Number of protein chains: 2
Amino acid sequence: MSGTHALSGEALGSSAQRRRRERILDATIALASAGGFDAVQMRAVAEHADVALGTLYRYFPSKIHLLVTTLAREFEREEALLAERTIPGDTPADRVISVLRRTTRGLQGDPHLTEALTRAFMFADKSVAQEIRVVGRLLNRMLTHAMRPDAREAGDEDVAIARVIGDVWLSALVAWVTGRSTAEETAAHMERAVRLILR
Amino acid sequence: MSGTHALSGEALGSSAQRRRRERILDATIALASAGGFDAVQMRAVAEHADVALGTLYRYFPSKIHLLVTTLAREFEREEALLAERTIPGDTPADRVISVLRRTTRGLQGDPHLTEALTRAFMFADKSVAQEIRVVGRLLNRMLTHAMRPDAREAGDEDVAIARVIGDVWLSALVAWVTGRSTAEETAAHMERAVRLILR
DNA sequence: TCTCGAAGTGAAACGTGTTCCTATTATGCT
DNA sequence: AGCATAATAGGAACACGTTTCACTTCGAGA
């Protein structure tokens, strides 16, 4: 292997490493999906991914990094799916609601996974700022695109609005994950907020 | 002591217990203020409060419960201070911004404490739902009161709006705590969001 | 005052995230 | 092929949240 000292970020050298990395993320999803945040135990992830514990930590410096990176990958996949289709709805509000409903439904279909990823995201400290930013950017892009599907790039105003909506969505997700509100309440709250903001 | 089996919640029997409880919360604040979330170590809290570890756990079943309860006490104090004075500003938006600015400034004056309390709040799981609800209620009350200082009780619409604003505020706080945005950006984002929602 | 149950003490022990260390294996270069 | 170096395996060790337990102290009622 060439002197790749930093395997952080995206640039992984060999395809063996890329595969290992994917195995780790897949194991994380499997465990999170089965038992939530607590079930994602680093030893279990390592064993599941057929990797030594030290190797796992070489790829992801903490459990939180691991989970937030997993979240980023899921968001990327979701965004790719979303980019292929035209978003239904005649107004920005309708389209945003459509996207959020779709995404939220996806998450609520796997409560344990959602709990694990959401809690990791919210618990993250400064050392995870970079990964968090990736997720924030993806979320913002999804929302601005829903607002103006034809715009090449989002204006500052739209970015600010999308950020507010994203904030509300995250808080709503946390409320749902902690059992403070039901799926229906979450959906209703989101819809009300979007109509309030995008009126 | 009388047969108080559940000392959860507020009703503490003797004043000795009340004092112990206050000592624990004070110790929590001192440690959090000095070193943030990681510095609030249960053994250290116990020692600081001059209480055995088992006693600490008798009063607060987990570190997260402890920190969220601490947050609730701080909020109660803040609300009490706020209730005494008339909130400056001629419109609901101005008054809400005034309250948020004031509170946010207070928090940003003690970054470590804020980091500890915020992360605990966001990391909480279902078992902390009750304490979380208390904080949510206080926050909502502060905001609806700022919106309509003269109303005896808040209407459903106002509560919903306050909740959206509270959501944005929490997310903004998390962004600030994790170093994703500066104090100025946080303030600007909050103000923009409030004007957007309360226009 | 005596007694009894609840509350508190002190310390050991356990689980899991994280770190560290040594031996082994893979990889690129000459 | 042989060497140098990075990556991985395997596992011990450590830190801190949490649990447990045997013992002591406290306080209210007989």
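What you see is a predicted model, and the numbers here were worked out from it, not measured in a lab. Here is the naming used below: chain letters follow the sequence lines, and residue numbers restart at 1 for every chain.
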Novice: Transitive ILVMFWY cluster of B:Val159 at side-chain heavy atoms under 4.5 Å: who else is in it?
Specialist: none
Novice: Would you sort out whether B:Arg18 and B:Glu22 count as a salt bridge (charged side-chain N to carboxylate O under 4.0 Å, His left out), showing the intermediate values?
Specialist: CA-CA 6 Å; B:Arg18 229 186 314 275; B:Glu22 289 302 309; over 6 Å; no
Novice: Treat primed atoms plus P, OP1 and OP2 as sugar-phosphate and everything else as base, then score nucleotides 9-19 of chain D 5' to 3': B for base contact with protein heavy atoms under 4.0 Å, S for sugar-phosphate contact only, - for none.
Specialist: BB--B--BBBB
Novice: Whole angstroms only, please: what is the CZ-P distance between A:Arg19 and C:dA26?
Specialist: 13 Å
Novice: Remaining members of B:Trp176's ILVMFWY cluster at a side-chain heavy-atom cut-off under 4.5 Å?
Specialist: B:Val177
Novice: Do A:Ser33 and A:Asp110 meet the criterion of a side-chain donor-acceptor pair at a distance under 3.5 Å?
Specialist: yes
Novice: How close or far is atom P of C:dG17 from atom CG of A:Leu67, stated in whole angstroms?
Specialist: 10 Å
Novice: Whole-Å distance between C:dT19 P and A:His65 NE2?
Specialist: 11 Å
Novice: What is the distance, rounded to the nearest whole Å, between atom CZ of A:Phe60 and atom C1' of C:dT18?
Specialist: 16 Å
Novice: Does B:Lys63 qualify as a cation-pi partner of B:Phe37, given the criterion of NZ or CZ under 6.0 Å from the six-membered ring centre and within 45 degrees of its axis?
Specialist: yes
Novice: Please report, rounded to the nearest Å, how far the C1' atom of C:dG8 is from the CZ atom of B:Arg18.
Specialist: 18 Å
Novice: B:Glu74 vs B:Arg77, test: salt bridge (charged side-chain N to carboxylate O under 4.0 Å, His left out). Steps then yes/no.
Specialist: CA-CA 5 Å; B:Glu74 291 299 291; B:Arg77 290 178 174 175; 3.6 Å; yes
Novice: Using the 3.5 Å cut-off, write out each protein N or O paired with an N or O of nucleotides 22-24 of chain D and the distance between them.
Specialist:
none

Novice: Sequence neighbours excluded and cut-off under 3.5 Å, please list the side-chain donor-acceptor pairs for residues 167-175 of chain B, or say none.
Specialist:
from     : atom 1 : to       : atom 2 : distance (Å)
B:Asp167 : OD2    : A:His189 : NE2    : 2.8
B:Trp169 : NE1    : B:Thr104 : OG1    : 3.0
B:Ser171 : OG     : A:Asp167 : O      : 3.1
B:Ser171 : OG     : B:Asp167 : O      : 3.4

Novice: Quick one: is B:Tyr59 getting a side-chain N or O under 4.0 Å of the C:dG8 phosphate, OP1 or OP2?
Specialist: yes
Novice: Residues in side-chain hydrogen bond (donor to acceptor under 3.5 Å, both in side chains) with A:Arg133, at least two apart?
Specialist: none
